[in-house]
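Working notes for the structure below.
The residues of the chain are indexed from 1 along the displayed sequence.
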Amino acid sequence: MKLITAIIRPFKLDEVREALGEVGVSGLTVTEVKGFGRQKGHTELYRGAEYVVDFLPKLKIECAVSDNAFDAAMEAITKAAATGKVGDGKVFVTALEQVIRIRTGELGADAL
């Protein structure tokens with residue numbers, strides 16, 4: 001089992017969610033986050049004053065997938081989130097040792 005954590009542009013959420021649904025990923029967690037990488041933020045004008053916005057709004061998507069669904073989920077996320085421009089985001093993968101569904105007590109892949 002793997003935990004996929006993807007940082008994406010906010011307007012790409014619906015496309016990523018639909019793409020994951022098509023490959024069988026039924027649950028995910030979405031968090032509004034701010035950050036920067038190579039994009040380094042941007043400058044904005046407000047009431048005549050220019051200021052730097054270092055942290056840009058992004059969304060963090062987390063989903064746990066079984067090993068056999070992993071490749072399809074990764075492809076779905078990377079294709080749906082891509083615009084081809086700097087700032088598209090990143091995907092991080094972490095191995096999951098155990099998953100427990102609290103309501104039923106199911107373990108492992110059954111809990112996903």
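- A distance-only check finds no donor-acceptor pair linking the side chain of Asp88 to the backbone of Ala82 [under 3.5 Å].
- Met74 and Val65 fall within the same hydrophobic cluster, defined by Ile, Leu, Val, Met, Phe, Trp and Tyr side-chain heavy atoms under 4.5 Å apart, directly or through other members.
- Looking only at side-chain heavy atoms (C-beta outward), Ile61 and Leu13 come within less than 4.5 Å of each other.
- Once rounded to the nearest 0.5 Å, the distance linking OG1 of Thr5 with CD1 of Ile7 reads 7.0 Å.
- Dense packing is recorded around CD of Glu106, with more than 12 heavy atoms of other residues, nucleotides or ligands lying under 6.0 Å away.
- By the salt bridge (Lys or Arg N to Asp or Glu O under 4.0 Å) test, Lys60 is found to be paired with no residue, residues two or more places apart in sequence or in another chain being considered.
- Atoms CZ and CG, on Phe11 and Leu59 in that order, are 10.5 Å from each other to the nearest 0.5 Å.
- Among Val99, Leu96, Leu112, the single residue meeting the side-chain contact (heavy atoms from CB on, under 4.5 Å) criterion with Ser66 is Leu112.
- Contact between Asp67 and Met1 at its shortest, heavy atoms only, is OD1-N, 3.0 Å.
- Looking only at side-chain heavy atoms (C-beta outward), Lys58 and Ile8 stay at 4.5 Å or farther from each other.
- Side-chain contact between Leu3 and Phe92 is absent, with no heavy atoms from C-beta onward closer than 4.5 Å.
- Within a 6.0 Å radius of CD in Glu97, other residues, nucleotides and ligands contribute 12 heavy atoms or fewer.
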Atom pairs and distances, side-chain donor-acceptor, residues 14-34, under 3.5 Å, sequence neighbours left out:
residue: Glu15; atom: OE1; partner: Lys12; partner atom: NZ; Å: 3.1

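- We find the NZ-CD1 distance between Lys2 and Ile4 to be 9.5 Å, quoted to the nearest 0.5 Å.
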